[in-house]
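Position 1 is the first residue of the sequence, and the numbers go up from there. Excluded from the calculations below are hydrogen atoms, water molecules and symmetry mates; all remaining heavy atoms, backbone and side chain alike, are included.
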Amino acid sequence: MLRLDEIVDRHVPQGKHTVRPADIVAIEVINRLCAPCSEFALAEHWYASTALEELLGVPDAESPRIRLYRPLDALREAKDPSRAT
């Protein structure tokens with residue numbers, strides 16, 4: 001309903017990532033709402049304990065390799081270009 005995927009796709013290019021940035025952001029948001037933890041804990045432990053692999057289609061084997069913080073950094077930069085690194 002929020003069309004978060006469209007917002008992310010507009011501001012964060014797919015590039016050569018194996019996982020869509022919109023899916024990474026969805027995983028982060030769901031984690032923050034349900035069981036907040038560090039990005040390391042999310043990738044190493046939390047994600048595997050959920051049904052998100054089936055719901056989002058992002059294999060658990062991919063989760064440790066994805067850079068969880070990069071899509072969020074790109075969204076912050078889109079919101080406030082003065083924060084660009």
Tell me, do I30 and W46 make a side-chain contact under 4.5 Å, heavy atoms counted? yes

Less than 4.5 Å apart, any side-chain heavy atom of V58 and any of L52? no

Mind checking side-chain contact (heavy atoms from CB on, under 4.5 Å) for A41 and listing every partner two or more places apart, or none if nothing turns up? C37, S38

Set of residues satisfying side-chain hydrogen bond (donor to acceptor under 3.5 Å, both in side chains) with respect to R32, sequence neighbours excluded: E28

Listed partners of D9 passing salt bridge (Lys or Arg N to Asp or Glu O under 4.0 Å), at least two apart: R20

Tell me whether L55 shares a hydrophobic cluster with L42, the cluster being built from Ile, Leu, Val, Met, Phe, Trp, Tyr side chains joined at under 4.5 Å. yes

Approximate separation, where rounding is to 0.5 Å, of R10 CZ and R3 CZ: 10.5 Å

Please identify which of these residues, N31, I27, V25, meets the side chain to side chain contact (heavy atoms under 4.5 Å, CB included) condition with V29. V25

